Amino acid sequence: MKLIDLLNNSLFDSIKNAYSLEKEDFQKLDLGFVSSTSEDHGDYSSSASLKLAKKLDSSPRDIAKKISDGLLSELIEEISVDGPGFINIYLTRSAKVNELKNAIELKEQWAFKKNNRKKALVEFVSSNPTGPLHVGHGRGAVLGIAISNLLQSQGYQVDKEYYVNDAGRQINILALSIILETINHSFNRDGLYQGGYINDLAKKFTKKTNLKEVAQPEMSLSDDADQKLDELIAFYQSESPKIWNELRTFAINEMIDIIKADLKNMGIIHDKWFYESSVGDFNDESSVLFQAVKGITKKKLTFKKDGALWFKSTDFGDDKDRVLLRENGEPTYYLTDVGYHKDKIDRKYEHYINIFGADHHGYVKRITSAFDTLKNDYQSLEIVLYQLVNLFENGKKKQMSTRKGDFYSLEELREEIGSDVIKFFFLEKKSDHTIDFDVLKAKEESKTNPYFYTQYAHVRCCSILQNKAPDFKCMYDEKEITKNFDLLNKIINYPKHLEDFANERSPHSLVHFLKELAADFHSFYETNPVLVENDTVANSRLIITKATQIVLQNGLELLSVKPLSKM
RNA sequence: GCGCCAGUAGCUCAGCUGGAUAGAGCAGUAGCCUUCUAAGCUAUUGGUCGGGGGUUCGAAUCCUCCCUGGCGCGCCA
C-alpha cells in the first residue's frame with residue numbers, strides 16, 4: 001500500500017472517531033493528504049479541518065487539533081497545525097528510507113499497480129490511408145502510446161487499435177489520383193492527392209499492371225470539381241472493374257505499409273488494425289452494422305424521416321439527430337463508425353479510450369451517444385481530444401494539406417530530430433493546448449532542450465552507479481539520505497503521482513514531473529559528491545542516486561522514450 | 001448564430017475537481033569546471049493570472065457577461 005494511502009486511512013479513522021461521522025459523510029470532500037510543495041508544510045498536508053469547519057460548526061484550528069490528536073501512525077514523526085488550520089505531518093526518516101528501499105528492490109513493480117483484471121482498448125491515430133502521417137498525426141500517436149502505457153502501469157490490460165478507413169470515397173480518390181498520375185499528366189489536380197508518394201505508388205503499380213490500357217473517358221465532364229471526380233471514379237469502376245479493384249487494394253495495402261513503417265520508426269505498434277470494410281453489409285443480418293441498428297432500434301431510439309433512418313442522439317445531448325441509413329438505403333459514415341463501436345463493445349473491454357484530433361470534437365457527442373445506447377453496464381467510453389499542431393517555418397505559418405502533398409511528414413521530422421525528442425516535445429504540452437511548432441527552432445533548441453536535460457540526469461545517475469551500487473546491508477545514514485527534501489519528496493510520491501497521471505490521462509504531467517525530478521537531482525549532484533571515501537556517506541548517496549535512476553527510467557519508458565545511459 | 005479549446009513573466013508553457021507567498025525552461029544579468037560527463041549548478045531581474053461583475057473563511061482555479069485567437073457545426077469521410 002502506498003504511504004499516502006496508509007496516512008489517509010489513519011486520517012479518516014481519526015475524523016470518524018472524533019466527530020462520530022461515517023465515511024460517506026465526508027467522502028466527497030476530498031479531505032486526504034497531499035504531498036507538500038514546501039518543506040515548511042511538512043511532508044504531507046491536509047485541509048480537512050478547513051473543509052469540515054462549516055459542517056461541524058467549529059473553528060478549523062480546533063478541528064485540526066482534535067483530528068491530529070487521533071492521528072496515529074508509526075510513520076509520523078511530528079504533526080503540526082499551521083496557518084488557518086492545515087494539518088501538516090512530518091514523516092520519520094526511516095519511513096522515507098524504507099520507501100527508497102522498496103523502490104530499489106522492486107524497481108518498476110514498486111510504482112506499478114498489480115493486474116486489476118480490467119481490460120482497456122485505446123484507439124488512436126486512425127488516419128485515412130491516403131497519405132503518409134504528418135506531424136499532426138504524430139501528436140495523436142505519441143499521446144496514444146503514452147496513455148496506453150500509463151493505463152498499463154495501473155494494472156490494465158491494454159490493447160492498442162487503429163481504425164482503417166478503407167471503404168469510403170477517399171480511397172476511390174486515392175486510386176483515381178494514381179490513374180491520372182500515370183496516364184494524364186495534364187489533368188487538373190484539384191481535389192486529387194498529390195505529392196511524391198502518389199508518383200511512387202503509380203510507378204510501383206504500373207510495374208505489374210499496365211495502366212495505359214485502361215479506357216480513356218470521352219464523355220464530357222461536369223464543371224464542378226467534386227462531381228467531376230465522382231464521374232471519373234464511376235467511369236473507371238464500370239469500364240475497368242478488374243484493374244480498378246486491383247488498384248484500390250494495392251493502394252490501401254501500400255499506404256498502410258507506409259503508415260505502419262512510419263509508426264514503427266516512432267516506436268509505436270498497434271495490436272490490431274480494424275478495417276472499416278469489415279463491419280459488413282447492412283443487408284447481412286449477422287453484420288455488426290445490422291446489429292448496431294437493431295440494438296438502437298430496440299431501445300426505441302430510431303425514427304424515419306425524409307426516407308432516411310435516424311438516431312435520436314439529441315436524447316443524449318447531441319445538438320441534432322443523426323442519419324444512420326440514407327434515403328437510398330446506404331449506411332452513412334457515421335453508421336459505419338457506430339458499427340465499429342458495436343464490434344468493440346462485443347469484444348468486452350471495460351474501458352474504451354478514443355484519441356481524436358480536436359477537429360473531430362463535433363463528432364464526440366454523436367459517437368458517445370451511440371456507444372451509450374449499445375454498451376453493457378460495465379463499459380464506458382472516453383474521448384481524449386488533442387489540439388492541432390501548427391507548423392511554422394521561420395516564424396511563418398505553414399499550411400498543411402494531405403491532398404496537395406504539401407505537408408511536413410512525421411517521418412521527415414523524425415529523421416531530423418529523432419523520435420524520442422518528438423515524443424518529449426509533444427507530450428510536454430497538455431493535449432488541449434495547440435502546439436505551435438517551429439521546425440527550425442526545434443532543431444536549434446535541441447541543445448537546451450528539456451529532453452536532453454532530463455536524459456542528462458539519468459545519464460549522470462548511470463555513470464555514478466556503474467562504479468558502485470548501493471547496499472542496504474552496509475552502513476547508511478538516514479539523516480544524510482533525507483536531507484534532500486525536494487528530491488526525496490518526488491521519489492517517494494512517484495507511485496501516487498503516477499496513479500494520478502494515469503487517471504487524468506495526462507502524460508504531460510509525467511513529463512513535467514520528470515523534468516522537476518531531473519532538476520532536483522542535478523542540484524543534488526553539484527553539492528553532494530557521491531563516490532566519497534566515507535563509505536556510509538557514499539552508500540547513503542548511492543541509495544538516493546539509484547532510486548532517482550529507477551524513477552527516471554520508469555517515467556521515460558512510460559513515455560515510450562528510451563532512457564540514455566551515455567550522452 | 002451555436003458549440004468546443006485556448007488567453008498566466010519578453011518567448012514557450014505548468015498550475016485549473018477552490019487552499020498557505022502564482023511556478024519552470026528559454027532569453028537577460030552576476031558567479032561556479034585539477035573532483036562521479038558544465039547538455040550542469042548557484043544567485044538575480046521580470047506577473048493588473050485577457051477584462052468586468054459574482055459566489056466564500058479563501059479564486060489563476062467555480063458561476064456570469066464581454067474581448068481576442070484557433071477549431072467544428074453535411075443523408076462528406
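Being a predicted model, the structure only gives us computed values, none of them experimental. Reminder, nothing fancy here: chain letters follow the sequence lines and each chain counts from 1.
- Comparing B:C36, B:G40, B:G19 by their nearest atom to the side chain of A:Leu50 picks out B:G19.
- Whole-Å rounding puts the A:Glu428 CD to B:G23 C1' distance at 14 Å.
- Distance noted for atom C1' between B:G47 and B:U56: 25 Å (whole Å).
- Residues forming a side chain to side chain contact (heavy atoms under 4.5 Å, CB included) with A:Tyr334 (at least two apart in sequence, or on another chain): A:Phe311, A:Arg322, A:Leu324, A:Thr332, A:Val338, A:Tyr363, A:Arg366, A:Ile367, A:Ala370.
- Residue A:Glu504 places its side chain closer to B:U17 than to any other of B:G72, B:U17, B:C36.
- Between the side chains of A:Ser277 and A:Asp166, at least one donor N or O lies within less than 3.5 Å of an accepting N or O.
- Contacts of A:Lys342 classified as side chain to side chain donor-acceptor pair (under 3.5 Å), with partners at least two apart in sequence or in another chain: A:Asp346.
- Using a 4.0 Å cut-off, some side-chain N or O of A:Ser523 falls inside it from OP1 or OP2 of B:U42.
- Nucleic acid contact for A:Asp318: none, since no nucleic acid atom lies under 4.0 Å from a heavy atom of the residue.
- Whole-Å rounding puts the A:Phe521 CZ to B:U42 P distance at 13 Å.
- A salt bridge does not link A:Lys305 with A:Asp321: none of the charged nitrogens is closer than 4.0 Å to a carboxylate oxygen.
- Base pairing analysis places B:U61 opposite nothing; no Watson-Crick or G-U wobble pair with both distances below 3.5 Å involves it.
- Legend: residues meeting salt bridge (charged side-chain N to carboxylate O under 4.0 Å, His left out) with A:Asp372, ordered by chain and number and at least two apart, are absent.
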Expected rows: protein N/O vs nucleotides 7-11 of chain B N/O, under 3.5 Å:
none

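- Of the candidate nucleotides B:C13, B:C75, B:U21, B:C75 has the atom nearest to the side chain of A:Trp310.
- B:C62 sits 14 Å from B:C4 when the P atoms are compared, rounded to a whole Å.
- Counting any heavy atom pair closer than 4.0 Å across all strands shown, A:Lys566 reaches a base atom.
- A distance of about 13 Å separates the C1' atoms of B:A20 and B:C57, rounded to the whole Å.
- Taking a cutoff of 4.0 Å between a charged side-chain nitrogen and a carboxylate oxygen, A:Glu428 and A:Lys515 qualify as a salt bridge.
- Considering only side-chain atoms of A:Ala308, the nucleotide from B:C75, B:U21, B:G19 that sits closest is B:C75.
- Close placement of the A:Phe274 and A:Tyr340 rings is indicated, their centers lying within 6.0 Å of each other.
- Look at A:Lys490 and A:Asp486 and you find no salt bridge, because none of the NZ, NE, NH1 or NH2 atoms lies under 4.0 Å from a carboxylate O.
- Annotation: B:U44 and B:C49 have their C1' atoms spaced 23 Å apart (nearest Å).
- For A:Ser45 against B:A20, a side-chain-to-base donor-acceptor contact under 3.5 Å is present.
- Residue A:Arg460 places at least one side-chain N or O closer than 4.0 Å to OP1 or OP2 of B:A38.
- One can place NZ of A:Lys365 at 24 Å from P of B:C71, the figure rounded to the nearest angstrom.
- The gap from the P atom of B:A6 to that of B:C63 amounts to 12 Å, rounded to the nearest Å.
- Between B:C36, B:G15, B:G40, one nucleotide has an atom nearer to the side chain of A:Asn467 than all others, and that is B:C36.
- At a threshold of 4.0 Å, the pair A:Lys65-A:Asp62 does not count as salt-bridged, since none of the basic side-chain nitrogens sits closer than that to a carboxylate oxygen.
- Salt bridge annotation for A:Glu526-A:Arg460: present, with a cationic side-chain nitrogen under 4.0 angstrom from a carboxylate oxygen.
- Contacts with RNA chain B (heavy atom under 4.0 Å) in residues 524-537 of chain A: A:Tyr525, A:Glu526, A:Asn528, A:Pro529, A:Val530, A:Leu531, listed by number.
- B:G15 and B:A9 have their C1' atoms separated by 15 Å, with the value rounded to a whole Å.
- Side-chain proximity of A:Gln387 to the nucleotides B:C5, B:U21, B:A20 is greatest for B:C5.
- In this structure, A:His522 has its ring center closer than 6.0 angstrom to the ring center of A:Tyr453.
- No donor-acceptor contact under 3.5 Å links the side chain of A:Asp166 to the base of B:A77.
- A close approach under 4.0 Å does occur between a side-chain nitrogen or oxygen of A:Arg326 and OP1 or OP2 of B:A77.
- One N or O donor and one acceptor, one from the side chain of A:His361 and one from the base of B:G3, sit under 3.5 Å apart.
- One atom, CZ of A:Phe86, and another, P of B:G58, lie 14 Å apart when rounded to the nearest Å.
- For A:Ser80, the side chain to side chain donor-acceptor pair (under 3.5 Å) test picks out A:Asp82, with sequence neighbours left out.
- Here A:Lys320 lies in heavy-atom contact (under 4.0 Å) with sugar-phosphate atoms only.
- Using atom P as the reference point in both B:A38 and B:U34, the two lie 12 Å apart (nearest Å).
- B:G40 has no base stacking with the ring of A:Tyr453 when judged by centroids under 5.5 angstrom apart and an interplanar angle below 30°.
- Separation of the C1' atoms belonging to B:U29 and B:C65 is 44 Å when rounded to the nearest angstrom.
- Among the atoms of the strands shown, base atoms are found under 4.0 Å from some heavy atom of A:Asp306.
- Taking the side chain of A:His41 as heavy atoms from C-beta on, and the options B:C13, B:U21, B:A39, the nearest nucleotide is B:U21.
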